[in-house]
Amino acid sequence: MKIPTATYRIQFRNGLDFDTATGLIPYLKQLGISHLYASPVFTATSGSTHGYDITDANEIDPSIGGREGFDRMAQALKTAGIGLILDIVPNHMAASLENPWWRDVIEHGEKSRYARHFDIDWSRRLTLPFLGDSFEEALEKGDITLKSDPKTGQPTFAYFDTYYPVAPGTLTAVRTGGLSKTELTELHERQPYRLMCWRDAPRELSYRRFFEITGLAGVRVEDDGVFDDTHRLILELVRSGVADGLRVDHVDGLADPKAYLERLREKAGADCYITVEKILGKDERLPPDWPVSGTTGYEFIASLSDVLVNDENMAVLSELYDNVVGKPVDIRNELRAAKLMMVEKNFAGEFTTLWKLATGIAATEGTGYDENDVRTALCELLIAFPVYRTYGTEQGMPAEDSTLLHKIQRKISTSPLAVQPEILAFLVRILCGETSAVSSSQAGLFRTRFQQLTGPLMAKSVEDTLFFRQNMELALNEVGAEPLIRTFSLSRFHTGMIKRREEQPEALSATSTHDTKRGEDARARLFTLTEAPQEWAACVKRWHRMNESHVMMLADGPAPRPALTWMLYQALAGAWPATLTPEDAQGLQELDERFQSFVEKALREAKLRTNWDDNNEDYEKAVLDYAHHLLSPENRLFLQDFHASIQPFIHAGLVNSLTQTVIKLMAPGVPDIYQGSEALNFSLVDPDNRRLPDFTGLERLLMQDKKPAGDKPESWLNGQLKQYLVSALAGLRQQKPALFQQGDYVPLSASGDHGENVIAFARVNNDDAVIVVARRLVLGLQAQTFPQTEIVLPPQLAYRHYRELFSNKEMTSAGRLDMAAWPGFSPVILIASSPS
């Protein structure tokens, strides 16, 4: 297996097709990229902006160049010596009439050859929740009629420009002038599907969906025939050598992730590089028996907070935020509230299915438990679940997962919650496969459904609710991060990297993805707020006062409230381009357009005074108008104050940016560069983070100067220094693959006046070694040198000859490195010369 030395993730669609990607190959080569890492390339719904809504897994999407364009790109990559990693989506497909399999299921119901390809409950009619009203209401309004499909000529239920096929044999006769509403209702009752309002989906859906997205239907890849049908083209591309690796999307959604991965490994072969999109919770590790190289790197993003957060100020920041909110924030209660809402509302149907299964098993086992008591215990078990899922199968529950379940059981049983311990123990026995043989089938189904629900429940509760409600420090509200405040420390980071070297040395290390809540450089900047929380709070208070006249008083309170303005100013500070000035009207307008989309999404995801299902238009308009006013050129006094006030955070953030970049390139794991992030990425949440980068500008930037000077402000502000750093270090990884794939991770300690402002470590493989030193917590540091600061070298690194990568300065080390010899805030990379 060829392990990548550095990957480059691109998002096809949104203006990027195969020919565009082919044109990028010389740039990627110069950047030091070993593998192009592509978003899904298979045919998706018309106008898809991401490609995860696949309609044909065995066709390359014509909208981005089709098979011919793909083959040209693949051949050009091969000629350039760059590998190709494909993003595959085994968990779901588009529940769309454009999907021929799904359309066939709609038309033929259980008789369709694809009826078992999708995870559908066939004890009832297939629900199609795509109407704006109930079927009866839509029919009464005249929105549903019987018409011939413009493409096939066959009879359909026409709902505006969507045509649902009428099942063969169900339309017996049509009178002249068509059918009456009563006859249309009767015809609808004879269909294998039921058209229904989208609002009823959380309670009544008959198929497993991806998270809350009814337009994505779960696929049963646990079935061998379904696996073969959905992986035909994927495996052809791997076996022919076109694709060198695969990224498995949402592996936790599968019925049996391990069995799926074992089958994929068997079919793809030992040489295929495979990673999985899997979010690891606190102290959770990737199952060691999975035949993959590791995860896609969310846990690496979370680990960087240990380097860039000033832990000493977290209590101060928390208190200041509490003052703005108006009361102490109990984040555990907030997390519980978010999870409870998800269980009772957003995933009500999935929860009810589990509840009915549990009560049925209880009846079979003769326990006599009250149904409501079972419901309460099941609800609390789901809410208390601390990780995405367990991995129980018919063969039982892995020991680590069994231990986790019993730990959760004890925690709930000893809490003041009104849960009967014997019922909770009963649910855990079901999950662990400890029921009677007569209940084994239903128990297995319960276990699978439970394990497929805990992940979406966690994701939607934390990432897409809590992280938009609690905004003390937005840099911490990131995919893969823990919502509960913890201690941040360099020692924790070093321990994590040693563990990463042992468990996932070939996993991807990400800092930005198409799913992160903000770009890596916005996050790096916002981390600096923990270095000056009181100054930041004073700024927010002043800005709120300056824009107070644009706060609207509504029936349910002011819009925005102070806690929301704290978030708005913080998000704006993170997204503000490093070179934008208050006089740049066009730049302000461009930022305003992006900011408006972010604010709308943030308000709805918080689900407090508005949400996606029930928009509070007055509230949304008031907050959006306030946000728009912030970036209005006429709001000159505020803009000048805001711009001047965030300059220290901007400059400290740029240092953080280089620090996290050098760590990603040098620490254990395979560095993944998200499109455009080799320079500066101040993007907001999707779809902002999926915009097409200015590749022409990036290529020009890389060609401007082979070695930009670290003392030139413009090289920091335009991203050139960061881009050069990526190129240089990616090149070093290509020169020394064994060092970075197999080498030890050695933490180094710093002492002296600025010892706390340095992170240092080494990578060591036999006689090969690299020492890495980067700056941290530099907000307010004026000196360009670090006097009286030394790095202590262990014997294996002392008294050796080194060359510094960027300056080419050579030196022979004693037992310490004097940081006064390396002025400025740029990282220091010392490469050891091999012993003669």
Could you walk me through whether Arg733 and Gln735 pass the side chain to side chain donor-acceptor pair (under 3.5 Å) test, one step at a time?
-> CA-CA 5 Å; Arg733 291 183 65 95; Gln735 297 166 23; over 6 Å; no
Measure the CG-CG distance between Asn313 and Leu777 for me, rounded to the nearest 0.5 Å.
-> 9.0 Å
In terms of heavy-atom contacts, does CD of Glu319 have more than 12 from other residues, nucleotides or ligands at under 6.0 Å?
-> no
Is the number of heavy atoms from other residues, nucleotides or ligands under 6.0 Å of Glu312 CD greater than 12?
-> no
Evaluate the side-chain proximity of Met314 to Phe488: yes if any heavy-atom separation is below 4.5 Å, no if none is.
-> yes
Hey, would you say the Tyr27 and Phe695 ring centroids sit under 6.0 Å apart?
-> no
Other residues, nucleotides, ligands: >12 heavy atoms within 6.0 Å of Gln788 CD = no
Quick one: pull up CE in Met497 and CD1 in Ile663 and give me the separation to the nearest 0.5 Å.
-> 8.5 Å
Please answer whether the main-chain N or O of Ser293 pairs with a side-chain N or O of Glu506 as donor and acceptor at a distance below 3.5 Å.
-> no
Please say whether more than 12 non-hydrogen atoms of neighbouring residues, nucleotides or ligands are located less than 6.0 Å from NZ in Lys282.
-> no
For the pair Arg690 and Asp515, find out whether any cationic side-chain nitrogen is under 4.0 Å from an anionic carboxylate oxygen.
-> yes
Does the Ser813 side chain pair with the main chain of Tyr799, one donor and one acceptor, at a distance under 3.5 Å?
-> yes
Does a side-chain N-to-carboxylate-O contact under 4.0 Å join Lys736 and Asp768?
-> yes
Can the ring centres of His35 and Tyr273 be said to be less than 6.0 Å apart?
-> no
Is a donor on one side and an acceptor on the other found under 3.5 Å between the side chain of Asn310 and the backbone of Glu531?
-> no
Between the side chain of Arg518 and the main-chain N/O of Leu684, is any donor-acceptor distance below 3.5 Å?
-> no
Short side-chain donor-acceptor distance under 3.5 Å, Glu804 and Ser807 = yes
Do the two ring centres, one from Trp536 and one from Tyr569, sit under 6.0 Å apart?
-> no
Under 3.5 Å, is there a donor-acceptor pair between the Lys664 and Thr511 side chains?
-> yes
Note, Ser305 side chain near Phe493 side chain (heavy atom, < 4.5 Å) = no
How about Arg500 and Ser509: does a side-chain donor come under 3.5 Å of a side-chain acceptor?
-> yes
State whether the side chain of Thr528 and the backbone N or O of Arg525 hold a donor-acceptor pair below 3.5 Å, judged by distance alone.
-> yes
Got Leu729 and Phe806 here, is their nearest side-chain heavy-atom distance under 4.5 Å?
-> yes
Gln534 atom CD, over 12 foreign heavy atoms within 6.0 Å | no
Does a donor on one side chain sit under 3.5 Å from an acceptor on the other, for Ser489 and Thr487?
-> no
Do Thr812 and Tyr802 come within less than 4.5 Å of each other through their side chains, counting heavy atoms only?
-> no
When you look at Asp306 and Arg492, which way does the salt bridge (Lys or Arg N to Asp or Glu O under 4.0 Å) test go after all the steps?
-> CA-CA 7 Å; Asp306 277 306; Arg492 177 186 165 112; 3.1 Å; yes
Determine, for Arg285 against Glu299, whether the closest basic-nitrogen to carboxylate-oxygen distance falls under 4.0 angstrom.
-> no
Side chains of Leu317 and Tyr321: does their closest heavy-atom pair fall under 4.5 Å?
-> no
Exam field: side chain Trp566 to backbone Met472, donor-acceptor pair closer than 3.5 Å | yes
For Lys499, does the NZ atom have more than 12 heavy-atom neighbours from other residues, nucleotides or ligands under 6.0 Å away?
-> yes
Please tell me if the side chains of Thr295 and Glu277 come closer than 4.5 Å, counting only heavy atoms from C-beta onward.
-> no
State whether Asp87 and Arg247 are salt-bridged, where the test is any N-O pair (Lys NZ or Arg NE/NH1/NH2 against Asp/Glu carboxylate O) under 4.0 Å.
-> yes
On the ring face of Trp716, is Lys722 found with NZ or CZ under 6.0 Å from the centre and within 45° of the axis?
-> no
Strictly by modelled atom types, are Ser657 and Asp521 linked by a side-chain donor-acceptor pair under 3.5 Å?
-> yes
So do Leu793 and Arg816 actually touch side chain to side chain, heavy atoms under 4.5 Å?
-> no
Any side-chain donor near an acceptor of the partner, Asn808 and Arg803, under 3.5 Å = yes
Please assess Trp576 against Phe642 for the test ring pair (Phe, Tyr, Trp, His ring centres under 6.0 Å), listing each intermediate value before the final yes or no.
-> CA-CA 10 Å; Trp576 189 276; Phe642 183 84; 5.4 Å; yes
Between the main-chain N or O of Ser683 and the side-chain N or O of Asn681, is there a donor-acceptor pair closer than 3.5 Å?
-> yes
Can you check whether Arg800 reaches Leu830 side chain to side chain, under 4.5 Å on heavy atoms?
-> no
With rounding to the nearest 0.5 Å, note down the distance linking CD in Glu678 to OH in Tyr724.
-> 16.0 Å
Indicate yes or no for a side-chain donor-acceptor contact from Ser727 to the backbone of Gln30 under 3.5 Å, with no hydrogens or angles considered.
-> yes
Can Asp688 and Lys517 be counted as an ion pair, charged N to O under 4.0 angstrom?
-> no
Side chain Glu473, main chain Leu476, donor-acceptor under 3.5 Å | no
How are the rings of His494 and Tyr745 set to each other: parallel, tilted or perpendicular (split at 30° and 60°)?
-> tilted
Gln723 side chain to Gln720 backbone, donor-acceptor under 3.5 Å = no
